[in-house]
> 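Okay, here's the structure, questions in a sec.
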Amino acid sequence: AQSVTQPDIHITVSEGASLELRCNYSYGATPYLFWYVQSPGQGLQLLLKYFSGDTLVQGIKGFEAEFKRSQSSFNLRKPSVHWSDAAEYFCAVGESSGGGADGLTFGKGTHLIIQP
Amino acid sequence: GAVVSQHPSRVICKSGTSVKIECRSLDFQATTMFWYRQFPKQSLMLMATSNEGSKATYEQGVEKDKFLINHASLTLSTLTVTSAHPEDSSFYICSASRTGGYEQYFGPGTRLTVT
């Protein structure tokens with residue numbers, strides 16, 4: 001069964017500093033990988049996704065992520081965080097059964113706190 | 001494009017009653033819709049997958065008689081929580097994918113509180 005590990009439950013970063021959120025997955029085949037952000041009481045917003053091709057993926061709000069097959073990782077990065085980036089971040093993995101999307105497996109999330 | 005709505009956004013119901021949550025794809029046809037559940041400060045857990053015109057597939061441990069899912073059209077799926085109990089209080093989020101597509105588009109969620 002697939003699994004997603006986000007080893008950091010909380011991360012505190014100073015505003016303007018760089019950020020890296022870790023995500024490791026366990027999957028039998030090449031997965032489809034996603035990063036979502038969720039503000040309190042809100043739904044999910046897609047930051048970026050990886051299906052195939054270039055392993056460095058650019059997303060919205062200045063985020064990027066790199067798929068490393070050898071490490072089964074898909075870490076999220078941002079060179080300079082803003083106070084508005086404070087939120088819950090979820091890494092998710094999915095696959096296709098051949099006819100379209102299957103349900104996603106989510107990591108437990110990383111709560112990002114921004115210090116002024 | 002690819003907007004998914006949910007209704008209601010919040011609902012409070014009494015223990016023992018049933019409540020229906022709607023998930024609509026507003027600008028695309030969704031062959032497949034998914035229902036997730038999120039407890040406070042926890043991750044999302046897939047409850048079931050629904051395909052238009054067929055029975056939903058439930059994840060292990062999810063009671064299909066308690067969480068009734070209907071996907072009667074390419075733009076609407078409903079989740080009915082039957083005989084709700086306080087432990088069913090949660091944030092329910094749906095998502096939808098286009099025919100043959102791999103990306104899921106998420107709704108804004110429905111906060112269910114059972115008193």
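Quick note: numbers below take in every heavy atom, side chains included, and nothing from hydrogens, waters or symmetry partners.
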> Count I, L, V, M, F, W, Y as connected when their side-chain heavy atoms are under 4.5 Å apart, and connections chain through other members. Are Phe74(A) and Ile11(A) then in the same cluster?
yes
> Do other residues, nucleotides or ligands put more than 12 heavy atoms under 6.0 Å from His7(B) NE2?
no
> Tell me whether Leu48(A) shares a hydrophobic cluster with Leu21(A), the cluster being built from Ile, Leu, Val, Met, Phe, Trp, Tyr side chains joined at under 4.5 Å.
yes
> When you group the ILVMFWY residues by side-chain heavy-atom contacts below 4.5 Å and let the links chain together, are Leu33(A) and Tyr27(A) in the same group?
yes
> Relative to chain A, which segment of Leu44(B) carries a heavy atom at a distance below 4.5 Å: side chain, backbone, both, or neither?
both
> Minimum heavy-atom separation for Leu104(A) to Gln104(B), with atom names?
CG-NE2, 3.5 Å
> Heavy-atom count around Arg10(B) CZ within 6.0 Å, excluding the residue itself: above 12?
no
> Is any side-chain heavy atom of Phe51(A) closer than 4.5 Å to one of Glu103(B)?
yes
> Keeping the roles fixed (side chain from Ser43(B), backbone from Gly109(A)), state whether a donor-acceptor pair exists under 3.5 Å.
no
> Looking only at heavy atoms, which two atoms of Gln42(B) and Phe90(A) are closest? And how far apart?
O-CZ, 3.9 Å
> Is it the case that one hydrophobic cluster holds both Phe34(B) and Tyr58(B), taking links as side-chain heavy atoms less than 4.5 Å apart, direct or via other members?
no
> Fit a plane to each ring of Tyr36(B) and Phe106(A), take the angle between them on a 0 to 90° scale, and name the class: parallel (under 30°), tilted (30 to 60°) or perpendicular (over 60°).
perpendicular
> Around atom CD1 of Ile60(A), are there more than 12 heavy atoms from other residues, nucleotides or ligands closer than 6.0 Å?
yes
> Report yes if some heavy atom in the side chain of His111(A) is under 4.5 Å from a heavy atom in the side chain of Lys41(B); otherwise report no.
no
> So if you build clusters from Ile, Leu, Val, Met, Phe, Trp, Tyr with side-chain heavy-atom gaps below 4.5 Å, do Met33(B) and Val81(B) land together?
no
> Which atoms of Gln38(A) are under 4.5 Å from chain B, going by heavy atoms: the side chain, the backbone, both sets, or neither?
side chain
> Give the interface residues of residues 105-115 of chain B toward chain A, defined by a heavy-atom separation under 4.5 Å.
Phe106(B), Gly107(B), Pro108(B), Arg111(B)
> Please say whether more than 12 non-hydrogen atoms of neighbouring residues, nucleotides or ligands are located less than 6.0 Å from NZ in Lys66(B).
yes
> Report the option among Leu46(A), Leu44(A), Thr105(A) that has the most heavy-atom pairs separated by less than 4.5 Å from atoms of chain B.
Leu44(A)
